[in-house]
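Protein chains get the first letters and strands the later ones, always in sequence-line order, with residue 1 at the start of each. As the structure is a computational prediction, the values presented were derived from the model and not from experiment. Values below: all heavy atoms of this structure, side chains included; hydrogens, waters and symmetry mates excluded.
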2 protein chains.
Amino acid sequence: MEETDRAIVAALAVDGRLSYTDLAERVGLSVSAVHQRVRRLEQRGVIKGYAAKVDHDALGLSLTAFVAIRPLDPSQPDDAPDRLAKLPQIESCYSVAGEDFYMLLVRVENPLALERLLQEIRSAANVTTRTTVVLSTPYESRPGIRQA
Amino acid sequence: MEETDRAIVAALAVDGRLSYTDLAERVGLSVSAVHQRVRRLEQRGVIKGYAAKVDHDALGLSLTAFVAIRPLDPSQPDDAPDRLAKLPQIESCYSVAGEDFYMLLVRVENPLALERLLQEIRSAANVTTRTTVVLSTPYESRPGIRQA
DNA sequence: CCTGAAAAGGTGGGACC
DNA sequence: GGTCCCACCTTTTCAGG
């Protein structure tokens, strides 16, 4: 992908509501040209969508944790992600190399809610869990796009 | 926070570019009322901003990993997050409970770039690293807002 | 792949209940 | 808080190079 497209993606990663007018100024093209490029980036799936960045504390989700999981019976077919997808407290699910099978990022209201969630995870996916509580978040979800 | 605001935040978390017109239909208010509520949510910091969701593979960042870090000298003042902030490959930095001090989420092009990044992390923050490579991502960054 | 222009519709205030 | 209204700006499309 070339420089102009990268600049567009970088700008929209920082501010997803930038108008095509502003975007056009930054990259030095006409509004229509930028519009076309953005549509193409969306169609190609480079831009997968737009999301509001929400403050979890303000929503009462003040406890974040990593949960590493491992099947109790590694010989059985592994559909843990499917089984866990219905739990909305699980924000992300990564399949990982190493001793654990999956790493989950979860958000809950308080320690009691975490306890309940861990029980749900264990029973839903037949796994053991190893939990690492997040104490604070110096930074998160930075749009790490470096321009050429 | 009450039900209508939660519905608005939930909708914008899924589609950050929803128009106030569409939003108004969903929550059953007038366009202006919704507009006011969104502005308040933005001012209060509940909505921290808007971002394009970018496909990392399409940008050539096809390797994701977790990097747990621990200071070589735990008695020294700990400014690792500050020292690491300049590395754009680090998407998130969490201070965690447990054996490690911080958990990083990093994105790089390939294994070689990961090796270089780990060296940079170790020398910049005077830490040891323990890295867990992500093999696949069943889901990520789900807007886990449950409505009342 | 870009430009330019014109229609359609959304955004962002103010006045008022 | 909410509604109604209006000026302005953006988005979106289309003809043309």
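- Straight-line distance from the CD atom of A/Gln36 to the C1' atom of C/dT3: 10 Å, rounded to whole Å.
- Within 4.0 Å (heavy atoms only), A/Arg17 reaches no atom of the nucleic acid at all.
- Checking D/dG2, D/dT11, C/dT3 against the side-chain heavy atoms of A/Thr21 singles out D/dT11 as nearest.
- Ion pairing of B/Glu120 with B/Lys86 is absent here, as no side-chain N (NZ or NE/NH1/NH2) approaches a carboxylate O to less than 4.0 Å.
- The nearest whole Å value for the distance from the CG atom in A/Leu18 to the C1' atom in C/dT11 is 16 Å.
- If you take CG of B/Asp5 and P of D/dG2, they are 8 Å apart, rounded to a whole angstrom.
- Protein atom NE2 of A/His35 is 13 Å distant from nucleotide atom C1' of C/dA8, rounded to whole Å.
- At a cut-off of 3.5 angstrom, the base of D/dC4 holds at least one donor-acceptor pair with the side chain of B/Ser32.
- Going from atom CZ of B/Arg37 over to atom P of C/dG12 covers 18 Å, rounded to whole Å.
- Counting to the nearest Å, the P atom of C/dT11 and the OH atom of B/Tyr50 are 10 Å from each other.
- Side-chain atoms of B/Arg39 lie closest to C/dG12 of the nucleotides C/dG12, C/dC2, C/dT3.
- Comparing D/dG2, D/dT11, C/dC2 against the side chain of A/Arg40 picks out C/dC2 as the nearest.
- Remark: A/Arg17 qualifies as a cation-pi partner of B/Tyr20 under the 6.0 Å distance and 45° angle criteria applied to the six-membered ring.
- In the displayed structure, B/Arg70 atom CZ is contacted under 6.0 Å by more than 12 heavy atoms of other residues, nucleotides or ligands.
- Between the C1' atom of D/dT10 and the OH atom of B/Tyr20 lies a distance of 13 Å, rounded to the nearest Å.
- Put simply, CD on B/Gln43 is 15 Å from C1' on D/dG1, counting in whole angstrom units.
- Between the side chain of B/Ser95 and the backbone N or O of B/Tyr102 there is no donor-acceptor pair closer than 3.5 Å.
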